[in-house]
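Here is the naming used below: chain letters follow the sequence lines, and residue numbers restart at 1 for every chain. Worth knowing before you read on, the calculation uses all heavy atoms, side chains too, and leaves out hydrogens, waters and symmetry mates.
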Amino acid sequence: TFGGFKWEKNSLTYRIENYTPDMSAAEVDDSIERALQVWAQVTPLRFTRIYNGIADIMISFSRQAHGDGYPFDGPGGTLAHAFAPSTGIGGDAHFDDDEDFTFSSNRGYVLFLVAAHEFGHSLGLSHSDDPGALMYPIYSFSNPETFVLPQDDVNGIQSLYGANEDPVEPRPTAPPTPNACDSTMTLDAVATLRGEMLFFKDSFFWRSYPQSATPQQTRITNFWPNAPVNIDAAYESQQSDRVLLFKGRQVWAFSGYDLVSGYPKPLSSLGLPKTTKKVDAALYDVASRKTLFFVGSNYYSYDEAKETMDEGFPKRVDETFSGMSGKVTAAFQYRGFTYVYSGPYMFEYSLRSGRLFRVLRNSYFLRCT
Amino acid sequence: APLSQINQQDESFAKNYLKTFFNLTEESGPTVRRGFNPAAVKLMEMQRFFGLQITGTLDTDTLAMMKKPRCGVSDQKVARFS
């Protein structure tokens with residue numbers, strides 16, 4: 001919060017002073033109304049629209065300098081700003097009309113999402129450092145039709161105003177941002193990227209630098225805007241300097257931040273059978289330059305140089321990885337050792353001998369800080 | 001994943017970013033404080049807030065984060081409202 005600044009009343013007024021040309025007036029009205037309801041659903045706050053005079057929350061679209069001492073900066077950069085609760089300019093929300101606002105498209109900035117964030121400020125919330133929170137300062141697209149206020153934001157606003165005594169039932173709950181300290185967590189995928197380790201879970205991933213004790217958590221789409229979330233598997237092809245992400249029957253390839261032209265492609269483009277519904281895990285073996293794809297209780301070997309599947313596959317996982325009787329959920333290679341995950345456990349192998357050295361937990365590489 | 005090399009324009013952009021969102025103030029006059037670089041301190045604050053690697057220098061990851069579309073309210077919580 002901004003040091004506890006809050007409205008001393010639960011009934012607030014708002015007024016839309018003008019409209020953006022990017023959307024119809026009805027779409028703006030609807031976006032603003034729903035953005036306020038995001039907060040009303042979890043607090044005793046209620047909002048009434050007025051059409052003239054001074055409202056608690058005055059809403060406007062403007063460009064560059066617009067009279068509050070905080071000029072906008074043209075397209076990109078700052079999208080909007082708002083002022084903490086107080087009289088006068090307090091509570092007001094300004095939107096940069098040099099941006100391209102939209103009703104629901106992922107091209108442009110969804111006004112509902114930007115407004116819901118700004119109204120958090122109007123009600124007294126500062127920024128959150130939880131990358132999954134609405135109050136995180138960086139814009140991230142999500143579908144406005146399925147939006148649910150994340151728990152971090154619920155906690156923040158309820159610390160100021162308390163809970164809604166008359167909640168809409170059943171009250172939707174947002175999945176919490178994955179926590180590296182959750183010892184029961186099953187990672188979706190693990191991969192390397194130019195010396196870093198990437199740990200994927202839900203819409204997020206952690207980047208872990210060998211020289212840093214603190215992993216950095218990011219939304220997948222903040223790093224790769226065209227990437228899928230809730231992925232099944234991932235690996236770094238050191239042969240092609242790409243990261244490949246798998247979800248369902250498709251594979252995406254990224255070079256740096258960019259989706260490689262022609263992707264996503266079907267799994268069959270990698271030589272997997274057309275009947276393959278998903279890849280559970282993938283790892284690139286530096287020594288052989290082969291990639292292993294784990295599918296159910298079997299695995300395949302893909303030759304990165306020849307871009308063909310090796311003969312003699314699939315093989316049973318436990319044929320090569322002794323003691324691996326459970327489902328493989330993630331896999332990667334680091335410093336010559338092969339790590340195969342099954343649930344919250346990680347099995348350390350020598351790929352050459354198939355020998356199992358240790359059974360470890362997620363926290364061995366993904367540190368709880 | 002590396003972006004292009006950081007150039008003078010990026011450094012100027014980063015300085016403006018820190019002024020806007022982390023209350024970086026430029027010192028003027030003859031005062032010299034040894035071992036204290038306000039821009040590096042603010043950069044570390046920014047890197048800490050976003051969970052980036054804390055280097056105190058403008059690296060490609062930090063610059064990429066600065067260039068993302070964002071809310072215009074300062075991340076130094078009270079700066080704008082004090």
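The pair K201(A)-D182(A) does not meet the salt-bridge criterion, since no charged nitrogen lies less than 4.0 angstrom from a carboxylate oxygen.
When heavy atoms are compared at a cutoff of 4.5 Å, F72(A) does not approach chain B at all. Y109(A) touches chain B through its side chain: at least one heavy atom from C-beta onward sits under 4.5 Å away, while N, CA, C and O do not. When heavy atoms are compared at a cutoff of 4.5 Å, E118(A) approaches chain B solely by way of its side chain, counted from C-beta outward. Contacts between S86(A) and chain B at a heavy-atom distance below 4.5 Å are absent for every atom of the residue.
The most heavy-atom pairs under 4.5 Å with chain B, out of D73(A), N222(A), T214(A), V243(A), come from N222(A). Contacts with chain A were tallied for Q53(B), K68(B), M65(B), M66(B); Q53(B) has the most, counting heavy-atom pairs under 4.5 Å.
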Please report, to 0.1 Å, the donor-acceptor pairs under 3.5 Å made by any side chain of residues 90-97 of chain A, with sequence neighbours excluded.
residue, atom, partner, partner atom, Å
D92(A), OD1, M58(A), N, 3.0
H94(A), ND1, H66(A), NE2, 3.3
H94(A), ND1, D68(A), OD2, 2.9
H94(A), ND1, H81(A), NE2, 3.4
D96(A), OD1, D98(A), N, 2.9
D97(A), OD1, T20(A), OG1, 2.8

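Just one residue in the list R70(B), R48(B), K42(B) forms a salt bridge (Lys or Arg N to Asp or Glu O under 4.0 Å) with D75(B), and that residue is R70(B). Screening F205(A), F204(A), W206(A), F200(A) for a ring-ring contact (aromatic ring centres under 6.0 Å, His included) with F223(A), the sole residue that qualifies is F205(A).
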*Hey, mind stepping through T177(A) and D152(A) against side-chain contact (heavy atoms from CB on, under 4.5 Å) and telling me if it holds?*
CA-CA 9 Å; T177(A) 306; D152(A) 183 67; over 6 Å; no
